[in-house]
Novice: 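This is the structure, below, for whatever I ask next.
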Amino acid sequence: MKEQKIPYKIYLKEDQIPKAWYNVRADMKNKPAPLLNPGTHQPMKAEELEHVFCKDLVSQELDNDDSYIPIPQEIQDFYKMYRPSPLVRAYCLEEKLQTPAKIYYKFEGNNTSGSHKLNSAIAQAYYAKKQGLKGVTTETGAGQWGTALSMACAYLGLDCKVYMVKVSYEQKPFRREVMRTYGASVTPSPSMDTAVGRKILQEHPGTTGSLGCAISEAVEYATTHEGYRYVLGSVLNQVLLHQSVIGLETKTAMDEYGIVPDVIIGCAGGGSNLGGLISPFMGEKLRGEKDYQFIAVEPASCPSFTRGKFAYDFCDTGMVCPLAKMYTLGSNFIPSPNHAGGLRYHGMSPILSELYHEGLIKARTVEQTSVFEAAEQFARVEGILPAPESSHAIKVAIDEALKCKETGEEKTILFGLTGTGYFDMVAYEQFNDGKMGDSIPTDQDLQEGFSRIPQFPGNEF
Ligand SMILES: *Cc1c(COP(=O)(O)O)cnc(C)c1O
């Protein structure tokens, strides 16, 4: 073992939990492109967005200028139940790999919902409650977001209606039951409940569903029922804002011990954990104060950054949501049902898309079996059973550490360990039985998705 000057776990004190979220958009020269009205192709006005989203969240969504947005006291109090989260020095993994690299991970799985999503769920539920709403609707893929939102809604006494991607509803019955225990109603999507669900079922009978489709159903329910709004667990600017709590805590902990990361790695589904983790570091880079290397890791089965188009596209299959400019595989792209359910979204955060477009973030794809190999290796030495999504970041962190072994570089690697994998044992079972495969879409598969990206002047791709 290396000499241990830095503790295994750096825990901040309760009063070091951030009191304001950091808004990286304030430091971006080129702001993320605005959401467009799908009919007129004009930027969405606050009033239009307020039919779908809570008022205060709309103002956060549109705020490109304020660097810091205060975290209301009630949300700070909720954060105290499970934050600050530990920053862990992966001494055991370093030892196992025999690498000169120093590896750190920020662990967000220490709450019942099992992932970072609670950081934004409580914020969104809080603003819905403050507005006097009855409830919120949402979609969930793997189930982590639905679980997090159910917990937040139970805490605040809000009704919570979740459309759960059918394949996950069936593969992950325990997630569903956690949500119901917290009082949420859970419907497999596509469903016969909504017009858009019925239409999708008619066009694709037997579909296992997709996040894009579940979003359409949740939005339809919210906009056709008095006192409901729709909330989303990733992609949107407001979600990255809330998740900045991850990066702010990490930065405070690192600053206390004089640790400076060279490489920062995160898995990217819709981009919220990665965006949250890197925000304060990216801020320094954008202001020209420091330099870091940022790596987004995505599954080869859903390669939005690495093989997608940077264009305005629908956020949902039913084409009812505003258009967002992002790296996208097309709103009707339905990835093969791989096990990193939380990384199966066709698009990507507009903030991260802009940063990637400018070359400030790099991206890598990894295949499912190699991800589970990394997960297994990590679990055996570090103790934590990682979520399949998080394991994408583990895989690339290990790759980077092994590169350092070859070159002898003592790089400092930081990655986001977004959650635990206790509800993913069907996936682990397949891996342990040697039955896991890798499915990578062909160019032709992708072409089909691209062909549905809307075409209008100014949206060339
Ligand atoms: C949802 C989820 C992700 C991916 O979502 P992002 O918005 O890209 O962060 C990653 N890890 C876990 C554990 C998740 O639940």
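Every heavy atom of this structure was used, including side-chain atoms; hydrogens, water molecules and symmetry mates were not. Numbering of ligands and ligand atoms starts at 1, following listing order.
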Novice: Please determine if K161 forms a cation-pi arrangement with Y163, meaning its NZ or CZ atom is less than 6.0 Å from the six-membered ring centre and no more than 45° off the ring axis.
Specialist: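 Yes, a cation-pi geometry.
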Novice: Answer yes or no: is there an ion pair linking E108 with R83, defined by an N-O contact shorter than 4.0 Å?
Specialist: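 So E108 pairs with R83 through a salt bridge.
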Novice: Quick one: salt bridge (charged side-chain N to carboxylate O under 4.0 Å, His left out) partners of E50, sequence neighbours excluded?
Specialist: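 Once residues adjacent in sequence are excluded, the partners of E50 under the salt bridge (charged side-chain N to carboxylate O under 4.0 Å, His left out) criterion are K55.
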Novice: Could you check whether K309 makes a cation-pi contact with F461, meaning its NZ or CZ is under 6.0 Å from the centre of the six-membered ring and within 45° of the ring axis?
Specialist: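 Not satisfied by the 6.0 Å and 45° rule.
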Novice: Mark yes or no for whether Y345, through its side chain, and C315, through its backbone, hold a donor-acceptor pair below 3.5 Å.
Specialist: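 It does hold such a pair.
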Novice: For ligand 1, list every N/O pair with the protein closer than 3.5 Å, one pair per line with the distance.
Specialist:
unit_1, atom_1, unit_2, atom_2, d
ligand 1, 7 (O), S234, OG, 2.5
ligand 1, 7 (O), S272, N, 2.9
ligand 1, 7 (O), S272, OG, 2.7
ligand 1, 8 (O), G269, N, 2.7
ligand 1, 8 (O), G270, N, 3.0
ligand 1, 8 (O), G271, N, 2.8
ligand 1, 9 (O), H116, NE2, 3.2
ligand 1, 9 (O), S272, OG, 3.3
ligand 1, 9 (O), N273, N, 2.8
ligand 1, 9 (O), N273, ND2, 2.7
ligand 1, 11 (N), T418, OG1, 2.7
ligand 1, 15 (O), K117, NZ, 2.5
ligand 1, 15 (O), Q144, NE2, 3.3

Novice: Nearest 0.5 angstrom please: C302 SG to F333 CZ, how far?
Specialist: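 Output value for this atom pair is 5.5 Å.
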